[in-house]
Amino acid sequence: YRYTDRSYNLSKDMSKTVKNPADYILPLNMNGLAGRMLRISPPKNKKREILFIYGHHASLERYWGVAELMSKYAGVTVPDLPGFGGMQAFYKIGEKANLDNYADYLAAFVKLRFRNKKFIIAGYSLGIPMITRMLQKYPELSKRVQMVISIAGFTHKDDFTFSKKRYWIYRLAAAFFSRRLPAAFYKRLILRPIYIRYIYRHMFNAKQKFRGIKDEELKRAIEMEVSLWRHNDPRTYMATALTMFTLKLPETGHIALPVYHAGVVNDHYFNNLSVERHMRMIYSDFIHGKIKTPTHAPSIIATAKEAAFFVPKEFIRVMNKIS
C-alpha cells in the first residue's frame with residue numbers, strides 16, 4: 001500500500017469547538033485507490049491518539065460529530081474505507097470487498113500513519129469486525145493498541161435480531177446485488193434520489209431508522225441518506241452486507257486486549273447478550289457500557305453534542321488515564 005500524507009500539522013487551535021469538517025479533510029491515496037481522511041490534531045498538552053473506523057453505509061461527514069467529540073480528548077484520525085465515503089472501491093484494483101482485504105487495508109494504514117506510535121482504536125458497527133480481523137491477522141499491532149472501543153459493534157452473524165425469513169431475504173438479496181451486473185442495474189435504475197426519498201418516507205424499515213425525528217430534521221436526515229446512496233459504491237455496500245450476514249470470525253484468533261463495548265439499549269439490529277458472548281470468545285475481557293438512542297445509528301451525527309451519548313462516561317474516564 002502507498003500512503004500519501006499531505007500535512008498533519010493543522011494550524012487551528014483544537015481546544016476550540018470545531019465547526020466545519022471540510023477544513024479537516026485531507027487526501028488519502030493507498031494502493032491505487034483515491035480517497036479522503038479526516039484529521040483533527042490533539043488538544044493542547046495531550047499526545048493521545050484515536051483511530052476511528054466508521055461502519056456500513058457511511059462517510060466522514062456522517063460521523064463528524066463523533067470525531068469532534070473524541071477530539072476533546074485526543075487527536076483523531078478517520079480514514080475513508082474503500083467503496084465508502086469518498087474512496088474508490090476495491091474492485092477498481094481487481095480486489096474483492098471482503099473482510100480480509102479491509103483488515104489488510106487497515107493494517108497498512110496503521111503501520112504507515114502511526115508508525116511506532118501507540119493509539120486507541122474505536123469502531124462503529126461494521127468497523128468492529130474490520131478492527132477485530134485486523135488484530136487477529138496482525139497480532140503484533142495489539143502491542144501498540146492502548147484501548148479498543150466498540151460502539152454498537154458485533155463479531156458474529158448470530159448477533160442480529162432478524163427473524164429467519166428476514167435474515168434470508170437480506171442475505172440472498174445482498175448476494176445477488178454484490179455481483180457486477182446486478183449492482184450496476186441497482187445503481188442506475190433504483191438508486192435515484194426520487195426513489196430513495198420515497199422509500200425512507202414510506203417503507204417500514206426505513207421509518208424505523210427515523211423514529212422520533214420530525215420536520216426539518218427528518219428532511220435533512222433523508223438528504224444525507226440520498227447522498228450516501230449516491231456516493232457509496234452499491235456493489236461494495238452489498239458485498240459488505242453479505243459479509244455481515246455470514247460473519248463468523250475465527251475463535252482461534254484470540255486478541256490479548258479487552259474490548260470496551262458500548263451497546264445500544266433496545267438495539268433493533270443486535271442482541272446485546274449475543275454480542276457479549278461472541279466478543280468474549282475473541283477478546284481477553286469485555287467491559288460493557290450503554291448507549292441510549294432510539295435507533296442503531298442516526299443518519300447524521302453532526303456535532304459533538306449530538307454524539308455525546310455515543311461514548312459512555314466510564315469509557316472516557318479510562319481513556320483519560322492513558323498518556
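This structure is a prediction, so every number in the text was calculated from the model and none was measured. The first residue in the sequence is number 1, and the count goes up from there.
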#### Entry: Within 45° cone of Phe177 ring axis and under 6.0 Å: Arg235 NZ or CZ
no

### Query
Looking at Arg39 and Glu49, does any basic side-chain N land under 4.0 Å from a carboxylate oxygen?
yes

### Query
How close do Ala256 and Ser284 get, heavy atom to heavy atom, and via which atoms?
C-OG, 3.9 Å

### Query
Can Tyr167 and Lys157 be said to form a side-chain contact (heavy atoms from CB on, under 4.5 Å), step by step?
CA-CA 10 Å; Tyr167 166 81; Lys157 66 180 181 66; 3.8 Å; yes

### Query
So do Leu249 and Leu247 actually touch side chain to side chain, heavy atoms under 4.5 Å?
yes

### Query
For the rings on Tyr124 and Phe52, is their centre-to-centre separation under 6.0 Å?
no

### Message
Between Ser178 and Ala175 (side chain of the first, backbone of the second, donor and acceptor by atom type, cut-off under 3.5 Å), is there such a pair?
### Response
yes

### Message
According to a hydrophobic-cluster definition based on side-chain heavy atoms being under 4.5 Å apart (Ile, Leu, Val, Met, Phe, Trp, Tyr only), do Ile169 and Tyr269 belong together?
### Response
yes

### Task
Please answer whether the main-chain N or O of Phe84 pairs with a side-chain N or O of Asn232 as donor and acceptor at a distance below 3.5 Å.
no

### Message
For the CG atom of Asp159 and the CE atom of Met244, what is their distance to the nearest 0.5 Å?
### Response
12.0 Å

### Query
What is the ring orientation for His261 with His288, classed by angle as parallel under 30°, tilted 30 to 60°, or perpendicular over 60°?
tilted

#### Entry: Closest non-hydrogen atom pair between Phe315 and Ala262, with its separation
CE2-N, 3.7 Å

#### Entry: Tyr237 ring center within less than 6.0 Å of His57 ring center
yes

### Query
Do Phe162 and Tyr170 have their ring centres less than 6.0 Å from each other?
yes

### Task
Could you tell me whether Asp285 and Arg280 make a salt bridge, using a distance below 4.0 angstrom between a side-chain N and a carboxylate O?
yes

#### Entry: Gap between atom CG of Leu135 and atom OG of Ser142 - 0.5 Å precision
4.5 Å

### Query
Of the non-hydrogen atoms in Arg48 and Met319, which two are nearest, and what is the gap between them?
NE-O, 3.1 Å

### Query
Is any side-chain heavy atom of Phe270 closer than 4.5 Å to a side-chain heavy atom of Val264?
no

### Message
Under a 3.5 Å threshold, yes or no: a donor from one side chain and an acceptor from the other, between His56 and Thr240?
### Response
yes

### Query
Roughly how far apart are Lys118 NZ and Gln146 CD, rounded to 0.5 Å?
6.5 Å

### Task
Could you point out which residue of Asp100, Asn101, Thr155, Asn98 forms a side chain to side chain donor-acceptor pair (under 3.5 Å) with Arg133?
Asp100

### Query
For the atom pair CD1 (Ile316) and OH (Tyr73), what is the distance rounded to the nearest 0.5 Å?
3.5 Å

### Query
When rounded to the nearest 0.5 angstrom, what distance separates CD1 in Ile131 from CD1 in Ile121?
4.0 Å

### Query
What's the verdict on side-chain contact (heavy atoms from CB on, under 4.5 Å) for Tyr24 and Ser71, showing C-alpha distance, side-chain angles and the deciding distance?
CA-CA 12 Å; Tyr24 302 92; Ser71 73; over 6 Å; no

## Note on the structure
Heavy-atom nearest pair, Thr236 first then Ala89, reads OG1-CB, 3.5 Å

### Message
Working to the nearest 0.5 angstrom, can you tell me the gap between Met37 CE and Met87 CE?
### Response
10.0 Å

#### Entry: Aromatic ring pairing Tyr105/Phe90, orientation class (parallel under 30°, perpendicular over 60°, tilted between)
perpendicular

## Note on the structure
Between Phe109 and Leu28 the two heavy atoms that sit nearest each other are CE1-CD1, 4.0 Å

### Query
Run the side-chain contact (heavy atoms from CB on, under 4.5 Å) check on Trp64 and Leu38 step by step: do they pass?
CA-CA 9 Å; Trp64 167 248; Leu38 190 150; 3.3 Å; yes

### Query
Got Tyr186 and Met238 here, is their nearest side-chain heavy-atom distance under 4.5 Å?
yes

### Query
Any side-chain heavy atom of Arg317 within less than 4.5 Å of one from Glu314?
yes

### Query
For Met70, which of Thr77, Ile50, Ile120, Val78 qualifies under side chain to side chain contact (heavy atoms under 4.5 Å, CB included)?
Ile50

### Task
Indicate if Leu81 and Leu242 have the same hydrophobic cluster label, given that clusters are the connected sets of ILVMFWY residues with side-chain heavy-atom separations under 4.5 angstrom.
no

### Beyond-backbone contact of Leu51 with Pro79, side-chain heavy atoms, under 4.5 angstrom
yes

### Query
What heavy-atom pair brings Ser150 and Val259 nearest, and what distance separates the two atoms?
CB-CG2, 3.9 Å

### Query
Is the shortest heavy-atom distance from the side chain of Asp158 to the side chain of His278 under 4.5 Å?
yes

### Message
Less than 4.5 Å apart, side chain to side chain, heavy atoms only: is that true for Arg192 and Leu189?
### Response
yes

### Query
Mind checking whether Leu273 and Val275 sit in one hydrophobic cluster, side chains of I, L, V, M, F, W, Y counted as touching below 4.5 Å?
no

### Query
Would Phe245 and Trp168 satisfy side-chain contact (heavy atoms from CB on, under 4.5 Å), going step by step from the backbone distance to the final call?
CA-CA 9 Å; Phe245 297 138; Trp168 279 104; over 6 Å; no

### Message
Hydrophobic clusters here meaning ILVMFWY residues chained together by side-chain heavy-atom distances under 4.5 Å, can you tell me if Phe185 and Leu191 are in one?
### Response
yes

### SB check Arg36 Glu61 (cutoff 4.0 Å)
yes

